[in-house]
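Just so we're clear, the structure is a prediction, and the values are computed from it rather than from any experiment. Chain identifiers are assigned alphabetically (A, B, ...) following the order of the sequence lines, protein sequences preceding nucleic acid strands; residue numbering begins at 1 within each chain.
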Amino acid sequence: MEKYLNEFLVNEEGKVKKIEAEGKIKRRLFDMGVTPGANIRLKKLAPLGDPIEVTIRGYELTLRKDEANKILMEVVK
Amino acid sequence: MKFWEYILIIAMIGMVFLPFILRIVNKKKGKSSCSSGCCCCPQRGNCSKMLAKKESKK
Amino acid sequence: MKFALAGNPNCGKTTLFNTLTGSTAHVGNWPGVTVDKREGTYKKLGEKIDIVDLPGIYSLSPYTPEEVVSRNFIVDEHPDCIINVVDATNLERNLYLTTQLLEIDVPVIIALNMIDVVRQRGTTILVQELESKLNVPVVEISALKGEGIDAMMKKAYSCARVKRVGQTVIENKDLVNLIEKTKDEFAGKVSSPLFHAIKLIENDELEVKNHQDILADVKTMKNRIDTGDFAGDFEAVVADERYKYITKNFEKTIIRKNGEEKETKSDKIDKVLTHRIWSIPIFLVIMFFVFHLVFSEDLFFLNSIFGLEVSSKGWVNFFTGMGYEDLLAEALEAGEAFTGISIPSPGVFLQSWMGWLTGSVIDLVAGVLPEGTWYTGFIVDGFLTGIDSIFSFIPQVLLLFLFISILEDSGYMARVAFIMDRAFRKFGLSGKSFIPLLMGFGCSVPAMIATKTLEDEKERDLTIRLTPFFSCGAKAPIWAMLASVVAGHFLGDIFVFSIYLFGIVIAIVAAIIMKVFGKTKEVPPFIMELPAYHRPQAKNLLAHLWEKFKHFLYKASTIITASIILIWFLSNFGWAFWKGMVEIEDSILADLGRVLKVVFYPLGWAMGADGWKYSVASITGLIAKEDVVATMASLGLEEGTISLSNAAIYAFAVYNLFTLPCFAAVATAKSESSKKGFRVTIAWWLTASYVISLAVYWVGKLCELSWIVGLLVILVLIAAIVLVGLYASGKLKAKEAK
């Protein structure tokens, strides 16, 4: 099943399928290891629902929902 | 007035001008008026021309 | 020889730097602390080696100032060796930068840091595997524990003497071909042709700008390559290649103990501190706790709630800095029996003793000097009293700094940015503005300079405008002093906490107002790592405090002393100064003050016979905020002699909080803001302080008259603010929808 990272529920895990961002955001995502094939698990949401915290490549990353909505994922579990 | 009272007065006047003198001296030497030092500053010394020269030399 | 330390943020680079060079550079645990290169020397190898600590970076692209600094340094200044500090607990992502460093024609060694944590988790890293896959030496170290450092330096030294040619981990055949051809075009023109070649292929901004000539050829060649899903996005292709290599080879180099995926200590802590519901209340409680420990007269409310008191002479003297006799005398005057005191917080405890120290110095000097002479008056009542007034609050200010440093160094502040980002965005700021604003609690000057990391000019202007509302260290003596006056009526720490909170709340309101009337631009990305929590090091904290204290001494001995001398002169001589000294009420300063008094009269604190003194004190705050308290003291306004009502005290406090900061900060604001932005900022500072002080005084007076009416007015005001807020956010939603 495909869905965007911002639509994930807590503890859902998936593989990155495609990055639909441009410019600075795209670059930053790559630098932080968010590339096609990377495994991402949604760890938790901030108190106000946004930003979100994910586990990727063995560390914790936070990003906003409107940055996560550019990451297309293939849900694994 | 005793002589050292005069000295005190001169010292007081001097102390009033001291900050201004120090500011000019520091600008020439290239020290910044900000207390943090250039290491934690995103400006990397660009806050003043002298500092910028100093930083780019490194 | 010159070695450079390069690595991700939070990988322990700066700790390593401190160990190597014996310095005490500040280590922060969240993005943006090291934004410059630091230099020091390593002396243990006989030959002196210069060590350069580059800012933490995730890659060598030119998108942030840190990356540009590091990249330019490595590529243009040719260090003899790069020590790539890698966080062994986070190998995969750290190696991304490594693959880029390896492409440069410079000797590289990898320092696998935090190896102690790795061992603790029961994991082993196959160092030799890593070495063979990356083709450079790998050394295990723990910068914190000081393990493996000398071995690392010896290795780096021997590597530095051997020339190294850049290598890439990219394996895709088409790409490798393209790289080779591009590299040939660069040959002879630049050092590290491989690095430049790959960056140009990635469409790197800097490369494209500098090498337009080669670009055209490269473009033609690129067009011939089929990039499949990547649709010609070579940046993505290259990044993907790097990670493919890392993932493929990474698996084999780490042997995990079973169940390593379980929660780490940091995760456990975060469960509480970033809890969906409780994290914000917890944050407020922590902040209140900090203020309580610094400013409260009644530790843990033991007195107010449990009636715990201390009344024996010895203990009272201990807790109040030899204050038993004075308290006894006070009680006698009031015709009451002395029943004892509450146990003070550490901050107040330190303040009492500092006060005793400075008070003793004053008494000593006064005893030595002849009575009645002009110079005795100056030295004792002017200079020493003025300096004493700020010195006695320094322990509290330093204690506050200490707590904030602890919170920062431990990594908690990054969590706060995470929790608050959404809220911040509603005010036209991002979590990134949080950093300069937080620095504002220390000093506005570096805070305003730190706004340079914000890419949007409007956001910068706004952040600068709000910075002084985050009460700086120099204003703290004002709160501390007023807290001790207010304490008679209600609790000192609540007073101070409310001042800080007030500043923050108004900053939010101001930001919302400005966002409504401004143009919204793209907010910079918030993608940020949450580093593991770590125990702040005592050495670092103390060094940081010492820096601040030294800076304060410098300020005190120069501008504050100068101000005191000026104030003393103006308050002891009339316009006909050649005629000699006059009574304070007939002095030049009193006349000037009375003119000011007219301006400030409606604010409440300028009413009354001493009104001109408060007015003058506020003005001297322009020179240095510490001057407010120093001037008040020189003019005779101290803990015992301030007779303002609570409403007036609060209004005075609020005025000084929001008005123009010291000249240094104003000058910094000018140089960091846009022209228009600066003018608006000045207008804001002058108007907001006046209006808010006015409101606070009159509402306060209402409360004093009648609790009910006062409360009603406050509720109405809050309702008004909320309505404005809703209207504003509604307007914003409409704007964003366009």
Side-chain angles (χ1 to χ4, degrees), chain A residues 2 5-6 8-11 13 15-74 76-77, chain C residues 10 57-59 61 63-64 67 87 89-94 96-97 229-230 233 235-236 238-240 242-244 246-247 250 254 261 266-267 270-271 274-281 414-415 417-423 425-426 430-431 455 522-532:
Chain A
E2 267 185 22
L5 186 57
N6 64 312
F8 268 44
L9 301 168
V10 175
N11 270 321
E13 220 178 295
K15 263 188 155 58
V16 177
K17 216 170 172 240
K18 187 169 179 216
I19 310 274
E20 290 171 2
E22 286 298 316
K24 280 197 187 118
I25 298 185
K26 180 178 77 166
R27 191 20 120 165
R28 191 92 173 122
L29 287 172
F30 285 163
D31 290 349
M32 302 306 274
V34 185
T35 56
N39 221 329
I40 302 185
R41 177 167 72 93
L42 179 60
K43 192 137 179 240
K44 62 157 61 113
L45 306 170
L48 305 167
D50 195 9
I52 65 176
E53 184 184 336
V54 301
T55 310
I56 176 176
R57 299 192 192 273
Y59 77 99
E60 314 301 317
L61 180 69
T62 72
L63 62 164
R64 299 197 180 118
K65 276 200 169 159
D66 52 1
E67 287 152 357
N69 69 6
K70 304 203 169 60
I71 306 172
L72 186 58
M73 310 280 299
E74 180 72 48
V76 167
K77 59 175 177 197
Chain C
N10 303 305
I57 47 176
Y58 292 107
S59 99
S61 66
Y63 276 89
T64 64
E67 289 169 335
D87 175 4
T89 62
N90 213 331
L91 207 52
E92 233 186 310
R93 196 205 64 230
N94 273 253
Y96 183 68
L97 174 65
D229 282 336
F230 290 106
D233 182 356
E235 212 182 353
V238 172
D240 187 57
R242 295 190 203 280
Y243 270 113
K244 268 219 299 262
I246 294 172
T247 321
F250 156 80
I254 297 193
E261 283 301 326
S266 291
D267 289 334
D270 266 339
K271 265 204 148 146
T274 52
H275 189 273
R276 191 80 202 264
I277 303 175
W278 294 113
S279 53
I280 296 186
R415 269 75 183 170
F418 168 69
I419 297 170
M420 299 300 206
D421 176 69
R422 178 134 191 246
R425 266 183 297 147
K426 290 248 175 292
S430 65
E455 287 108 19
E522 192 194 296
V523 186
F526 184 70
I527 306 165
M528 181 182 83
E529 179 190 358
L530 279 183

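- Within the model, atoms CG of Asp270(C) and NZ of Lys44(A) stand 5.0 Å from one another, a figure rounded to the nearest 0.5 Å.
- Looking only at distances, no side-chain donor or acceptor of Arg27(A) sits under 3.5 Å from a matching main-chain atom of Ser61(C).
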Item to complete: Begin from the C-alpha positions of Met32(A) and Tyr96(C) and carry the test side chain to side chain contact (heavy atoms under 4.5 Å, CB included) through to its verdict.
Response: CA-CA 9 Å; Met32(A) 302 306 274; Tyr96(C) 183 68; over 6 Å; no

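- Checked for salt-bridge contact, Lys43(A) and Asp267(C) meet the test: a charged N lies under 4.0 Å from a carboxylate O.
- Taking the ring-ring contact (aromatic ring centres under 6.0 Å, His included) definition, one finds that Phe8(A) meets it with nothing, sequence neighbours left out.
- In this structure, Asp233(C) pairs ionically with Lys26(A), as a charged nitrogen and a carboxylate oxygen lie closer than 4.0 Å.
- For the pair Asp50(A) and Asp421(C), the minimum side-chain heavy-atom distance is 4.5 Å or more.
- Looking at Thr247(C), only its side chain comes within 4.5 Å of chain A, counting heavy atoms on both sides.
- Chain C forms the most heavy-atom pairs under 4.5 Å with one residue out of Lys18(A), Lys65(A), Glu60(A), and that residue is Glu60(A).
- Remark: side-chain polar atoms of Arg276(C) are paired, donor with acceptor, to backbone N or O of Ala46(A) under 3.5 angstrom.
- Rounding to the nearest 0.5 Å places CD of Glu92(C) at 9.5 Å from CG of Asn39(A).
- The distance from the OG1 atom of Thr62(A) to the CZ atom of Arg415(C) is 9.5 Å, given to the nearest 0.5 Å.
- The minimum heavy-atom distance linking Arg28(A) with Ile527(C) is given by the pair NH2-O, 3.1 Å.
- Rounding to the nearest 0.5 angstrom, the gap separating the CZ atom in Phe30(A) from the CG atom in Asp240(C) is 8.0 Å.
- Distance check: Arg242(C) CZ to Thr35(A) OG1 gives 12.0 Å after rounding to the nearest 0.5 Å.
- Scanning all heavy atoms of the two residues, the minimum distance from Tyr243(C) to Asp31(A) falls at OH-O, 3.6 Å.
- Under the ring-ring contact (aromatic ring centres under 6.0 Å, His included) criterion, Phe418(C) pairs with no residue, sequence neighbours left out.
- Contact of Ile52(A) with chain C is made through the backbone alone, with heavy-atom distances under 4.5 Å.
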